[in-house]
Chemist: 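Take this structure, written in structure tokens, and hold onto it; I'll ask about it next.
Below, chain A is the first sequence line, B the second, and so on; all start at residue 1. Computed over heavy atoms, backbone and side chain alike; hydrogens, waters and symmetry mates excluded.
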Amino acid sequence: MFKPPPAVKVSPSRPMEPPGSSLFNDHAADKRERLKSNVGYVKSMISRATPAQQAKNEKEFNDVVADYKTLRNLKDYCVHVDLDAFYAQVECLREPKYTRLPMAVGGDSMLSTANYPARKFGVKSGMPGFQAKKLCPQLVILPCDFKLYHKASWSFHQVLSKFDPDVRMAGLDEAYLNLSNFVADAPDGYSMNTVAYDGECQCNRPRKDDITEDDEVISSGDITCTICGMAQLYFNCTMNFSPGIDGMIRMLRMEVAMRTNLSCSAGIASSYYLAKVCSDINKPNGQFILPGDNDALDTFILSSPLKLFPGIGPTSSNSLAEFGIKTVADLLNHKKNLRFMVSNSQYYLLTRIVAGVDCPPDETEESTNETDNGIDSGKTVGTESTFTPTSNQAELVSLIRSFAKSAIESAKGDGVTSVGILFVKVKLGSYDVHTCSQKFNEQVPLTNVELLQNVSETLLTKFIAKQGKKDIRLLGVRYGELGMAPLSKVQTGLKSFLNKPTVGGRCVKRRKLEENTDPVTVIDLE
DNA sequence: ATACATACC
DNA sequence: TACTGGTATGTAT
């Protein structure tokens, strides 16, 4: 397979300075404190638990896991495909020189993505740009260009839908496929006509090195790269891939690289949930297969750190770590007390992780939140924004009214015609977040801008009156219980191919997409 | 019904 | 100087 060009060698970063005192750090410290105190409370509860209770807990755990394990479907080939450092890679199509230089996409206050050269310095997505610059002074930060990312995502989706017409996009850069039926079809493996490149051009394309002796070169020549303008040798060839899922996914990733000039990684497992975990293992530009075999599954799951599983975020992970639980194996050693440590839904998530299955029983039905009167009670639309903290009420009122208006525009763009509930979000200078909401007696049409602005303002001023005069650093307005226009009118925009997001791939429900007959096109950079 | 917390990209 | 924005979902009261 093709590999990204080697990164420029750079000296390692100096160690991070200890976190100074700031409102942000104070807030983070408070949060850690609360977590510890919570854990302390639970520990004291555990110390008072009776052996009978614990035995009951242990039995429950074993029973639930055993129950879930019967849902394992070892013959399935679930695939999760994930574009590597997506925004950064797309920016490299426009400016190929960044392929080997540390670069990130985002702004001074937050980075969305960092490319791999930047990651060598410890720069990560989700890090504020100004901190990243301390780790890597030569870091180039490019602004987000969502229009372009949507185009790239569309091309990606087009390629994948040829492998599975029911492919399910989960965000712009990720997708789930089911190739269970596909794989058995080709006992002799797969072959594909491709072009591999060599020469000065370093763009993220299939490379000459990817051609093996099993492949056949049909013709070759000397041209100029259309992306970076550098000299380029090309080799038209037929590439061959081994039979089975490994070859098929190598071919799939080669096809993605050909059609989008983007590299991706893939995970293959007997459940979507595990496939997602697997796609991170050999990233970037790699793939990992978890064999559909009970012992292999158990070994893999038990040895994995819990925080790698979708749904186990920093808070749960840190909390469990306080109890000495870091891996799934650790979890099994605390069966007796798990019930005390986590919420009910977390408990079932954890048992599902242990069992290695996607969904709890009785929840496999395709579900919609849309009710008969066209109200989608699950969906919300909103706008929020951070600004220099201020306690000036006139300014804040003006801001919330403008956000109420932009949230209306955003909702209209999604085909919303009326709303049943309005949420206001306030983040104080201390980073404490508050929300207030008001449910309406009847649906408010989006044409009633004044009313929605007035209610937003009232919720805000009431909040300020209650809290006293404090600095505010973020305001947001969000609408819920959305009345939707007839679907035929709205599904036309660039993002229409995106499915409704599903949190963490925890419960991936597959959804039929429109048949796609358009030819795959290379991303248009303008 | 409302507020808050957690998660994901 | 400076720590996002949009959406979903679960828990507590």
Chemist: With a non-hydrogen cut-off below 4.0 angstrom, is A:T383 in contact with a base, only sugar-phosphate, or nothing?
Modeler: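 Since only primed, P, OP1 and OP2 atoms lie under 4.0 Å of A:T383, the category is sugar-phosphate.
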Chemist: To the side chain of A:T435, which of B:dA7, C:dT4, B:dC4 is closest?
Modeler: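 That would be B:dC4.
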Chemist: Using a 3.5 Å cut-off and no angle test, enumerate the donor-acceptor pairs between side-chain atoms of residues 434-443 of chain A and protein atoms at least two apart in sequence or in another chain.
Modeler:
| residue | atom | partner | partner atom | Å |
| --- | --- | --- | --- | --- |
| A:K439 | NZ | A:E481 | OE1 | 3.1 |
| A:Q443 | NE2 | A:S418 | OG | 2.9 |
| A:Q443 | NE2 | A:E481 | O | 3.1 |

Chemist: Rounded to whole Å, please give me the gap between OH in A:Y149 and C1' in C:dG5.
Modeler: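 Whole-Å distance recorded here is 15 Å.
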Chemist: When the P atoms of C:dC3 and B:dC8 are considered, how many whole Å apart are they?
Modeler: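 Between the two P atoms, the distance is 23 Å.
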Chemist: Applying side-chain hydrogen bond (donor to acceptor under 3.5 Å, both in side chains) to A:K470 and A:Q467, what does each step give before you reach the verdict?
Modeler: CA-CA 7 Å; A:K470 285 183 180 159; A:Q467 283 279 316; 3.0 Å; yes
Chemist: Students often get this wrong, so: under 4.0 angstrom with heavy atoms, is A:Y431 touching a base, only sugar-phosphate, or nothing?
Modeler: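 Sugar-phosphate, no base atom in range.
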Chemist: Apply ring pair (Phe, Tyr, Trp, His ring centres under 6.0 Å) to residues A:F423 and A:Y479 and explain how you reach the verdict.
Modeler: CA-CA 6 Å; A:F423 307 90; A:Y479 302 118; 9.0 Å; no
Chemist: Considering every strand and a 4.0 Å limit on heavy-atom distances, what is the contact class for A:S316: base, sugar-phosphate, or nothing?
Modeler: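 A:S316: backbone/sugar contact only, no base atoms under 4.0 Å.
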Chemist: Determine the contact category for A:L474: base if any of its heavy atoms lies under 4.0 Å from a base atom, sugar-phosphate if only primed atoms, P, OP1 or OP2 are that close, otherwise nothing.
Modeler: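 Here A:L474 touches the backbone only, sparing every base.
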Chemist: Regarding A:S410, tell me which of base, sugar-phosphate or nothing describes its non-hydrogen contacts under 4.0 Å with the strands shown.
Modeler: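 The residue A:S410 makes no contact with any strand.
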Chemist: Could you give the distance from CZ (A:R478) to CZ (A:F403), rounded to the nearest 0.5 Å?
Modeler: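 The CZ atom of A:R478 sits 13.0 Å away from the CZ atom of A:F403.
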Chemist: On DNA chain B, check which nucleotide each of A:I421 and A:R34 is closest to and give me the residue with the more 5' one.
Modeler: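 In this pair, the answer is A:I421.
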